[in-house]
Amino acid sequence: MRQTILVLCCFLFLSTTLQAQTSGTIKGYITDTINNSTLTKASVSLLRAQDSILVKFTRAKENGYFELNNIKAGKFILLVSYPKYADFVDQFSIDSTKLIKDYGKINLEDKGKILSEIIIKGNRAAMKIKGDTLEFDPKAFKIEPNAKVEDLIKQFPGIQIDKDGKITAQGETVTKVLVDGEEFFGDDPTLVTKNLRADMVDKVQLYDKKSDQAAFTGIDDGQKTKTLNVKLKEDKKNGQFGKVELGGGTDKFYKGQAMFNKFWDKKKLAAYGILGNTGQVGLGWEDKDKYAQTSYQVSDDGGIYFTNTGNDEFDSWDGQFNGEGIPVAQTGGIHFDNKWNNDKESININYKIGDIKLSGNRNDINQQNLNSSSIYNTSDKSFEKNMTKNKLDLAYEIKIDTTLTLKLNVDGLLKNSNSSEAEMRKGTDEQGNQLNNLKQTTTNDVDDKTFNINALLTKRFRKKGRTLSLNLNQSSTDSKSDGYLNSRAEFFTPSVISPDSTKVVDQNKVNNISNTAFKSNLIYTEPLSKSLSLILNYGFNISNGKSDRKSFNQSPNGDYNVLDSIFSNNYELDQTMNQLGAIFNYRKNKTVFNFGSKFSDVHFKQYDVYRDTSFKRKFVNYMPQITYQYNFKQRESLRLSYNGNNDQPTLEQIQPIPNNQNPLNTILGNPDLDPSFKNNFRGSYYSYKVLSNQYFSVNGSYNFTLNPIISNVVTNDRGQSISQFVNLKDKVATSYYFNTNFGKTIKAIDMNAGIGLSANKNVNYNYINTKLNQTKNSTYSFNFNLSKNKEKKYNLNASFGPTYNVADASINENSDSNGWGFNGNFWTSVQLPFKLEISTDGNYQYNGKTQVIQESFERFIWNASITKKFLKSDNLRVSITGRDLLNQNVGFNRSAFNGNINQSTYTTIQRYFMFSVSWDFSKMGGGEIKQN
């Protein structure tokens, strides 16, 4: 027994001794070069030389001393940082012959005393933090010849780019990519990342871009946009470069794109053209949000807006492709920007033109829940749509003097869209007896014109923080549409084959909608103390709108010239608004707190031209706001906010005109509607550790609406409904959203991993045959993602997880549509010998069956390509691509609203094979660009 214990003790002693002999120590003192003083709490990071992954981290003690122990053998980088001092970077090794690395004194240089910010020994520092900005150094990453900015950004820790070009940085979506701080073709990030060359980049900055107003006043207004700014090398700002790609495939699929760029002095000129029917390029125009088609509405600040909408298929189609149908697109644009007069003046011009045609088929299944029964509707639709758009925008800025600046923005839009649709619809009861049958065709032609001019004049005074700004805006919109509605609805008595009644509509619909608006906003900021500031606001708005909707029946001679007064109405609104507001902003150390409110006194007159009746209205909008933010560190913060505002009824809801677009559901306007009041609470926590590439975020919101506007639907036993909007006095509509993400680099396998949890829920109400119905919609999901990148070998990205959906209506116990689902995505590429590259990606979707939908849905969309590179610089590429190799791409969607459960399937782009050739060209300063 004693011998056993002795042997064990010897073994433990030898193990400890051997371990100590193979573990190293790094130590030293951090001091100031000028006065030799110690730099307390200087950050000391030990990075693995192979991939810059953090191994150890500490801070210098009060005497400047630091020590890192238990360091295994290997090659490392020591990074020492201290605010306002240049970083110290050194590369070294730990092995059995050298277990202690004693730096003695490390003297850091004051940045103000040296030309270079970094003392470099060995490898470059890959990133650094400057205030609120994370800055990446491209020279620390290896890129291939002809690589694009996208290929460079993919290597940055904490940043991912998916196969469609969407950029995610530390769990947040990057929505803006700038070039040298300037817009480049508007807000489309892919036009920068997929076309600019990586070896032209000097540095890439990641930050939250503040609004123009916040950037000017220095007072945070909470409006931030996750932004990447690509700063180019000075010697790469003189030359030209571009890309050309052509491809043809099976089933008449094709694509082509070209982009040309010329930089000289402080000027940039760029042009691009895209055509194809693959749905992969040129279809997601960023102007969608700016020119989205919404009904007339009095906004939070009292502004009134008219657009041509409210009639389903008679809406002005905005040209977006969301996967439904087969698209044919042709788009192009040109960009120019310049600075002159010692950078006191600048101009930025963008012009875009495009045409998209869309055709397809759609099948819908709907369960319409009533008090004690349900009606089952099925429909088949076919559609043809076409849109042509021209858009021009211009931004000019002049710095009149060091305190006075004028910004001028002008933009205009011309758009023509036309569409046609044919539909067959059938309704049955729970026993399968036919209740109704509808056959309908619609056509529509719409011309839209939009013009906006905005001027912002800003003035700084001698006292820091005291500013004055004046914003003036004049806008006008005009929409003219001409279309035809032809429908025949038949209604049946259960168990009777022949219809016992028929409803026929044959009308010409002519709409003329216009709006002009003038808005002004004067803002004064006054610092009350070092920590407290006051923002005072006054606004004056005038708006004039007209909505003339005419329906013509057919006369005996076949012309559509008989006005149908029931379905016609000419509505005019004149509005005047005065707004006052005061917001206090407190900022001290790590805390930012602001609170206040805006009040709008709104007067407007509604005038019904056909009935010669007017209705004057006056109301006060109350918009309180509170925001609290605490910044624990540079990359860790907590933010809480509350906002309240009035939601005014839309024109579709109040204009006294029946909408007979759907003969099975006639909608009546209600001019007696009152506004509702929406309360919004939001919260977020964000933390990111740069060196270990670890991020954690939590975001959530909760909304409840008082006096909400809901629909009151009366449906007869034939499935024919009449609905009108009303206010709900004794109930509150609620919704919430929650999302959390965590990710980091797993050192053992050199892979980035992350998890995400999200949940959202909406509770809405409506009346169904006088009985109040509550509809609940919820989605809960879990997501796990992995990514790994091996230089010149392979890239791997995967994301997958389950979902659970809840959709039910209180009015019918058989309306439960709860069910499980699963989604998964992957994308990978592998570099092979002989300049070959194989890439593949896939998407798997599963939706389980529910009580209402008795069939599950499953599809796996798999794409793959093989590419061969040619020429010395690899700038000529030939590819063979297969899309949807398993031929399973069927359009699918499920939803629930107002007690109705819906499922849609539609035609979309399916399997094809394509051969394509792409060529990158460049010429800088009279010669070919060479790899750095």
Min side-chain heavy-atom separation [X]-[Y] under 4.5 Å:
X: Lys449; Y: Leu413; result: no
X: Asn594; Y: Arg587; result: no
X: Thr403; Y: Lys459; result: yes
X: Leu178; Y: Thr227; result: yes
X: Asn350; Y: Asn348; result: yes
X: Asp448; Y: Thr477; result: no

Closest non-hydrogen atom pair, [X] against [Y]:
X: Thr405; Y: Lys399; answer: OG1-CG, 4.1 Å
X: Thr467; Y: Tyr524; answer: O-CD1, 3.3 Å
X: Val446; Y: Ser481; answer: CG2-CB, 3.6 Å
X: Asp401; Y: Leu404; answer: OD1-N, 2.7 Å
X: Asn515; Y: Ser543; answer: OD1-OG, 3.3 Å
X: Arg466; Y: Pro527; answer: N-CD, 3.7 Å

* Apply the side-chain hydrogen bond (donor to acceptor under 3.5 Å, both in side chains) test between Asn680 and each candidate in Thr705, Asn703, Asn643; give the one that qualifies. => Asn703
Quick one: does any side-chain atom of [X] pair with a main-chain N or O of [Y] as donor and acceptor, under 3.5 Å?
X: Asn670; Y: Phe725; value: yes
X: Ser597; Y: Met623; value: yes
X: Asn764; Y: Ala733; value: no
X: Asn727; Y: Asp674; value: yes
X: Thr740; Y: Leu757; value: no
X: Asn773; Y: Ser810; value: yes
X: Thr525; Y: Gly465; value: yes
X: Ser711; Y: Val713; value: no

* Indicate yes or no: does Glu572 engage Lys605 in a salt bridge with an N to O separation below 4.0 Å. =>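 Answer for the salt bridge query: no.
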* N-O pairing of Lys391 and Asp393 below 4.0 Å ->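 Yes, this pair counts.
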Residues two or more places apart in sequence or in another chain: which of them pass salt bridge (Lys or Arg N to Asp or Glu O under 4.0 Å) with [X]?
X: Asp447; result: none
X: Lys618; result: none
X: Lys598; result: none

Check: [X]/[Y] side-chain N/O donor and acceptor closer than 3.5 Å:
X: Asn541; Y: Gln575; value: no
X: Glu636; Y: Ser687; value: no
X: Asn621; Y: Asn645; value: no
X: Asn578; Y: Tyr538; value: yes
X: Asn777; Y: Asn762; value: no
X: Asn679; Y: Tyr702; value: no

* Asked: What residues, two or more places apart in sequence or in another chain, satisfy ring pair (Phe, Tyr, Trp, His ring centres under 6.0 Å) together with Tyr642?
  ->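 Partners of Tyr642 by the ring pair (Phe, Tyr, Trp, His ring centres under 6.0 Å) criterion, ordered by chain and then number, come out as Phe681.
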* Aromatic ring centroids of Phe593 and Phe595 under 6.0 Å? -> yes
* With a 6.0 Å cut-off on ring centres, are Phe632 and Tyr630 close enough? ->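 For Phe632 and Tyr630, the ring centres are under 6.0 Å apart.
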* side-chain contact (heavy atoms from CB on, under 4.5 Å) involving Asn569 - partner list, sequence neighbours excluded ->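 Testing Asn569 for side-chain contact (heavy atoms from CB on, under 4.5 Å), a comparison that skips the adjacent residues, returns Tyr571, Asp608, Arg611, Gln655, Pro656, Ile657.
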* Could I get the full list of side-chain contact (heavy atoms from CB on, under 4.5 Å) partners for Ser476, not counting sequence neighbours? =>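 Expected list: Phe451, Thr516.
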* Could you please spell out the steps behind the side-chain contact (heavy atoms from CB on, under 4.5 Å) verdict for Lys480 and Asp478? => CA-CA 7 Å; Lys480 293 181 171 62; Asp478 183 76; 2.8 Å; yes
* Any chance you could lay out the side-chain contact (heavy atoms from CB on, under 4.5 Å) test for Leu728 and Leu772, step after step, and finish with the verdict? => CA-CA 10 Å; Leu728 182 62; Leu772 185 63; 4.1 Å; yes
* Do Asp337 and Ser346 pass the side-chain contact (heavy atoms from CB on, under 4.5 Å) test, and can you show the C-alpha distance, the side-chain angles, and the key distance before you say yes or no? -> CA-CA 7 Å; Asp337 68 76; Ser346 65; over 6 Å; no
* To do: Determine, step by step, whether Glu526 and Leu528 satisfy the side-chain contact (heavy atoms from CB on, under 4.5 Å) criterion, reporting the C-alpha distance in whole Å, the side-chain angles of both residues, the deciding distance to 0.1 Å, and the verdict.
  => CA-CA 6 Å; Glu526 176 66 25; Leu528 304 179; 4.2 Å; yes
* **Within 6.0 angstrom of Lys530 NZ, more than 12 heavy atoms from elsewhere** =>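 For Lys530, atom NZ is not crowded (no more than 12 foreign heavy atoms under 6.0 Å).
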* Asked: With a cut-off of 6.0 Å (strictly less than), are more than 12 heavy atoms of other residues, nucleotides or ligands near NZ of Lys731?
  ->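 Atom NZ in Lys731 is not packed in, count stays at 12 or less.
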